[in-house]
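Remarks on the structure that follows.
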Amino acid sequence: MNNADMRGIFSALLVSYNEDGSINEKGVRQIIRHNIDNMKVDGLYVGGSTGENFMLSTEEKKQIFEIAKDEAKNEIKLIAQVGSINVYESVELAKFATELGYDAISAVTPFYYKFSFNEIKDYYNTIIDSVDNRLIIYSIPFLTGVDMSVEQFGELFENEKIIGVKFTAADFYLLERLRKAYPNHLIYAGFDEMMLPATVLGVDGAIGSTFNVNGIRARQIFDLAKEGKIEEAREIQHVTNDLISAILSNGLYATLKELLKLSGVDAGYCRKPMALTTDAQVEEAKNIFDKYVK
């Protein structure tokens, strides 16, 4: 199977919510258009952490999948993150996204309970064997507590429908070992602040939350690194990391939404139990926007 069509820069889609926590469909559509028209991304990763996914009901997740597909049509590639510690929900969402025409599905490693690797393997096979689609593992050990070895990734890749991994970890030794061991599988960098070294090690693309506002620089880093222009790429990574540091200091999701608002996008509110944005955060977001985004 040739998966070259899935390479490139993917925004982890932010979702606009109303103050009461309901989905702001108009705002979600504006965020999608901003990513396509202004950030020039190759695709969207829908239903991940950035979309506040793990605080949503199954029906709300389906609604976001529908909105994203309806707005993006076939202009870009779409990956649906369907992972959950409820594998039956994951299967339901995998079927739903596949019927909508998503180019691939993805699933976070099952978290909270200390699942054995055999249980994790069964989880992935259960999800992907339920649909005619391709699956990308979402590995984010610092949030899930699930670390996997090169050999364990290899066991998962024995299922030919599991085509790659979103690698959101700082273990670049493991990243290099994975790249060498599985040259035909897709590897996406998941940490925006480490995109340059990940690209040097041979990732096929990147999936990031800050790409919603910094997609152009992300593309530049990726392309320059692939061309061997490391010094130029490093300078852009420096600016990107200054931006990321400022965003993280001010509150990740709230600040990204404020930056989108300053770009004319109705990015709405974060969903409880996340707090409402403070006046101080709004003011600092203006400073960040003026310095790095506009």
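One is the number of the first residue; the rest follow in order along the sequence. Just so you know, these numbers come straight off a predicted model, no measurement behind them.
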Below 3.5 Å, can you tabulate the donor-acceptor pairs from side chains in residues 58-69 to any protein atom, sequence neighbours excluded?
unit_1	atom_1	unit_2	atom_2	d
Thr58	OG1	Glu89	OE2	2.7
Glu60	OE1	Ser57	N	2.9
Glu60	OE1	Ser57	OG	3.2
Glu60	OE1	Arg271	NH2	3.2
Glu60	OE2	Arg271	NH1	3.2
Glu60	OE2	Arg271	NH2	3.4
Lys61	NZ	Glu89	OE1	3.3
Lys61	NZ	Glu89	OE2	3.3
Lys62	NZ	Glu92	OE2	2.7
Lys69	NZ	Lys73	O	3.2
Lys69	NZ	Asn74	OD1	3.0

From CA spacing to verdict: salt bridge (charged side-chain N to carboxylate O under 4.0 Å, His left out), Arg179, Glu176: CA-CA 5 Å; Arg179 179 72 294 164; Glu176 185 275 335; over 6 Å; no
Phe54 and Phe111: CA distance, side-chain angles, deciding distance, ring pair (Phe, Tyr, Trp, His ring centres under 6.0 Å) verdict: CA-CA 11 Å; Phe54 302 110; Phe111 51 88; 5.6 Å; yes
Derivation of the salt bridge (charged side-chain N to carboxylate O under 4.0 Å, His left out) call for Glu52 and Lys257: CA-CA 12 Å; Glu52 300 163 61; Lys257 290 184 178 186; 2.7 Å; yes
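Under 3.5 Å, the side chains of Glu283 and Asn287 contain no donor-acceptor pair of N or O atoms. Side-chain contact annotation: Thr210 with Asn214, donor-acceptor N/O pair under 3.5 Å absent. Defined by atom type and a distance below 3.5 Å, a donor-acceptor pair is missing between the side-chain atoms of Thr240 and Asp192.
A 4.5 Å side-chain heavy-atom check between Lys77 and Asp42 finds every atom pair outside the cut-off. Contact check for Leu93 versus Tyr88: no side-chain heavy atoms found under the 4.5 Å cut-off.
In this structure, Tyr269 places its OH atom where only 12 or fewer heavy-atom neighbours from other residues, nucleotides or ligands lie under 6.0 Å away.
Stacking of Lys121 on the aromatic ring of Phe153 is not recorded, the 6.0 Å distance cut-off and the 45° axial limit not both being met.
Checked against a 6.0 Å centroid threshold, the rings of Phe167 and Phe191 do not count as neighbours.
Applying the ring-ring contact (aromatic ring centres under 6.0 Å, His included) rule to Tyr188 yields the partners Phe10; only residues at least two apart in sequence or on another chain are considered.
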